[in-house]
Amino acid sequence: MVDVFTTMHWAAVGQIILIDVLLGGDNAVVIALACRNLPHSQRAKGIFWGTAGAITLRVILITFAVMLLNIPGLKLAGGLILLWIGYKLLLPDDGKPEEVEGSTKLLGAIKTIIVADLIMSIDNVIGIAGAAQQAHEAHQTMLVIFGLLVSVPFIVFGSQLVLKVLDRFPVIILLGGGLLGWIAGGLFISDSFIANRVAGIDSWHLPVSLLCALLVVAAGLLARRRSGVDLITGQKK
């Protein structure tokens, strides 16, 4: 066990946690809304089993995504999707509340949490799978599970704290968008379709990743400027 922790790719773990917190910040709200009509005696059960089911499903999806990214060309597609996700992360908030139907039945609330999390977690899955690609192939699934488990308390129990930190330091959102661009650049470079056709492609990792990160941040800032919002906070002036 000690050997596992000493060989773990901690930079990738940090990226997974940051991605999950930034892209999964609405999960706590969804859980609360889905359980709001349950009897008080069943709310804790609804939150626990709904969260457990959502996490299990997410781990399965990300594991398959990590495996699929080994197919030539799919990392290119995943990188393009990550660029778009990073750009969307930086867009101004439209202020529209989530529409989540509450249930008076425990199983209904659990189902709502799992389905809503599945729909909302597509971006998380792609981002986390991309971050996990940095680690050794044998450690990728374990890395995903560890990163998700560490980030769950932040999302479920610390959502208000996370929101306060983001409000206090809104530049974190910009860094998060840049991080997704950076990971996208890494996917472009490591795709076997490209690696087998371009000699010395590994030396391009830093400039391509940096370029993609800057591209996402620049596009996000431009969108904010056109919308007449504060460039750093993304809020209306």
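As the structure is a prediction and not an experimental result, all values here were calculated from the model.
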Would [X] and [Y] show up in the same hydrophobic cluster when neighbours are defined by side-chain heavy atoms closer than 4.5 Å?
| X | Y | value |
| --- | --- | --- |
| Leu90 | Leu222 | no |
| Leu206 | Leu215 | no |
| Ile81 | Ile183 | yes |

Worksheet item: What are the two closest heavy atoms between Gly186 and His205, and how far apart are they?
Response: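 Scanning both residues completely, I find the closest heavy atoms to be CA-NE2, 3.7 Å.
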Practice prompt. Could you tell me whether the side chain of Asp191 and the main chain of Leu76 form a donor-acceptor pair under 3.5 Å?
Written response: yes
Worksheet item: Does Leu91 offer a backbone N or O that forms a donor-acceptor pair with the side chain of Arg224 under 3.5 Å?
Response: no
Nearest 0.5 Å, what's the [atom1]-[atom2] distance between [X] and [Y]?
| X | Y | atom1 | atom2 | answer |
| --- | --- | --- | --- | --- |
| Leu221 | Leu174 | CG | CG | 5.5 Å |
| Leu187 | Cys212 | CG | SG | 9.5 Å |
| Ile85 | Leu89 | CD1 | CG | 9.5 Å |
| Leu107 | Gln42 | CG | CD | 9.0 Å |

Item to complete: Start with the C-alpha gap between Ser209 and Ile189, add the side-chain angles, then the distance that decides, and say whether side-chain contact (heavy atoms from CB on, under 4.5 Å) holds.
Response: CA-CA 9 Å; Ser209 297; Ile189 294 301; 5.6 Å; no
Worksheet item: Given Phe188 and Ile194, is the side-chain contact (heavy atoms from CB on, under 4.5 Å) satisfied, shown in steps?
Response: CA-CA 8 Å; Phe188 292 147; Ile194 299 296; over 6 Å; no
For [X], which residues count as a side-chain contact (heavy atoms from CB on, under 4.5 Å) partner, sequence neighbours excluded?
| X | result |
| --- | --- |
| Leu211 | none |
| Lys111 | Val115 |
| Phe48 | none |
| Ile60 | Thr56, Phe64 |

Item to complete: Show your working on side-chain contact (heavy atoms from CB on, under 4.5 Å) between Val216 and Leu180 and close with a plain yes or no.
Response: CA-CA 8 Å; Val216 170; Leu180 292 175; 5.9 Å; no
Discussion item. Under the rule for ring-ring contact (aromatic ring centres under 6.0 Å, His included), what residues qualify as partners of Trp84, not counting sequence neighbours?
Written reply: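 For Trp84 the ring-ring contact (aromatic ring centres under 6.0 Å, His included) partners, ignoring immediate neighbours, are Tyr87.
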